[in-house]
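Whatever order the structure lists ligands and atoms in, that order sets their numbers, starting from 1.
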Amino acid sequence: MNLLDKFHHWRRKRRWDKQYKSGRWESLQSEKEAGRYHTIISFIAQYAPSNPSILDIGCGDGVLTQRMDGDSYSHFTGVDFSKVSIDKAKKKRFPNSEFITADAITYKPERKFDVIVFNEAFYYIHDSEKANVLNRMLNHLNDNGILIISIYREGTGCWEYFKEDPKLEELDFTTVTTDEELRYWKIGCYKPILSSKW
Ligand SMILES: C[S@@+](CC[C@H](N)C(=O)[O-])C[C@H]1O[C@@H](n2cnc3c(N)ncnc32)[C@H](O)[C@@H]1O
């Protein structure tokens with residue numbers, strides 16, 4: 001990112017903090033959004049190793065963790081660059097979880113995970129950093145691990161990072177709709193193709 005991009009990035013981070021402080025994102029807990037979380041959770045149940053470790057990039061205040069059964073994962077790490085959202089997630093005291101204030105652009109996981117989720121977060125990453133962030137996260141995915149991406153509406157400029165990556169195989173892809181025509185999400189589930197195959 002150039003200096004101007006870095007400035008805008010910093011301003012966006014401050015805006016997220018303000019919005020979490022004002023309660024604007026409490027709407028993510030509404031039933032209108034539930035189908036998206038349920039689909040992610042069912043992909044985890046269907047395609048991930050049992051009792052997986054999970055990394056949620058751009059986790060906000062932990063709505064995905066909240067919607068999961070605490071017994072269904074061995075470990076949950078949530079990362080978000082909004083400290084306000086992370087403080088809110090920490091207050092919920094989820095079992096076997098840690099929540100870290102960090103920017104996806106620079107965050108280096110300290111371990112590998114069975115599941116890595118970008119739940120309505122990938123499109124916020126600056127275009128010049130998307131490939132770097134994705135590759136760094138893929139390096140922290142276990143061999144039999146999966147990657148889950150949820151993107152609001154069409155996700156122009158995002159899906160090609162997953163659908164056209166020869167290192168990834170698509171396991172599932174679905175559209176979650178609601179009673180509002182323009183409120184829908186596309187959700188994909190991918191696994192890395194082991195390097196010996198390409
Ligand atoms: C629409 S919210 C989704 C929150 C959560 N994933 C959910 O669906 O409940 C997008 C989140 O991405 C976070 N975010 C955006 N850019 C980020 C970045 N570069 N690093 C970490 N988090 C980021 C925001 O702070 C915000 O919490």
Note to self: Glu120 versus ligand 1: do any nitrogen or oxygen atoms come within less than 3.5 Å of each other?
What the structure shows: no
Next item on the list: Please identify which atoms of ligand 1 are closer than 4.0 Å to at least one heavy atom of Ala102.
Entry: 21 (C)
Checklist line | Ligand-side contact atoms (ligand 1) for residue partner Asp103, heavy atom cut-off under 4.0 Å | finding: 18 (C), 19 (N), 20 (N)
Note to self: Using a 3.5 Å cut-off on N or O atoms only, is His9 in polar contact with ligand 1?
What the structure shows: no
Check: If you measure every N/O of Asn119 against every N/O of ligand 1, is any gap under 3.5 Å?
Finding: yes
Next item on the list: Check each of Gly58, Ala89, Ser27, Ser82 against atom 11 (C) of ligand 1 and report the one with the nearest heavy atom.
Entry: Gly58
Notebook entry, point to check: Does an N or O from Asp80, backbone or side chain, lie closer than 3.5 Å to an N or O of ligand 1?
Noted result: yes
Item checked: ligand 1 versus Tyr107: contacting region, heavy-atom distance under 4.0 Å -> neither
Notebook entry, point to check: Side chains of Asp114 and Ser53: is there a donor and an acceptor less than 3.5 Å apart?
Noted result: yes
Next item on the list: Among Arg111, Glu110, Glu98, find the residue that satisfies the side-chain hydrogen bond (donor to acceptor under 3.5 Å, both in side chains) test when tested with Thr77.
Entry: Glu98
Check: Would you call Leu64 a ligand 1 contact, heavy-atom distance under 4.0 Å?
Finding: no
Item checked: Test of proximity, Tyr123 against ligand 1: N or O pairs below 3.5 Å -> no
Next item on the list: Please write down residue, atom name and distance for the protein heavy atom closest to atom 8 (O) of ligand 1.
Entry: Arg36 NH1, 2.9 Å
Checklist line | Leu55 side chain reached by Tyr107 side chain, heavy atoms, under 4.5 Å | finding: yes
Check: Cationic tip of Lys92 within the cone over Phe99's six-membered ring, i.e. under 6.0 Å and within 45° of the normal?
Finding: no
Notebook entry, point to check: Yes or no on salt bridge (charged side-chain N to carboxylate O under 4.0 Å, His left out) for Asp179 and Lys32, after CA distance, side-chain angles and deciding distance?
Noted result: CA-CA 9 Å; Asp179 55 4; Lys32 269 199 191 304; 3.3 Å; yes
Next item on the list: For atom 15 (C) of ligand 1, find the nearest protein heavy atom and state the residue, atom name and distance (0.1 Å precision).
Entry: Phe81 CE2, 3.5 Å
Notebook entry, point to check: Taking it one step at a time, do Arg67 and Glu31 satisfy salt bridge (charged side-chain N to carboxylate O under 4.0 Å, His left out)?
Noted result: CA-CA 11 Å; Arg67 290 200 173 266; Glu31 279 314 294; 3.4 Å; yes
Next item on the list: Under the side chain to side chain donor-acceptor pair (under 3.5 Å) rule, collect the residues that match up with Glu160, sequence neighbours excluded.
Entry: none
Next item on the list: Please list, chain by chain and in numerical order, all residues satisfying side chain to side chain donor-acceptor pair (under 3.5 Å) with Glu154, sequence neighbours excluded.
Entry: Tyr184, Lys186
Margin query: Is it the case that over 12 heavy atoms from other parts of the model lie below 6.0 angstrom from the NZ atom of Lys21?
Written below: no
Check: For atom 7 (C) of ligand 1, what's the nearest protein heavy atom and its distance?
Finding: Tyr37 OH, 3.3 Å
Check: Purely on distance, is any nitrogen or oxygen of Leu28 under 3.5 Å from one on ligand 1?
Finding: no
Notebook entry, point to check: Any idea which protein heavy atom is nearest atom 20 (N) of ligand 1, and the distance to it?
Noted result: Ala104 N, 2.9 Å
Next item on the list: Test Leu147 against every option in Val115, Val117, Leu134 by the side chain to side chain contact (heavy atoms under 4.5 Å, CB included) rule and name the one that passes.
Entry: Leu134
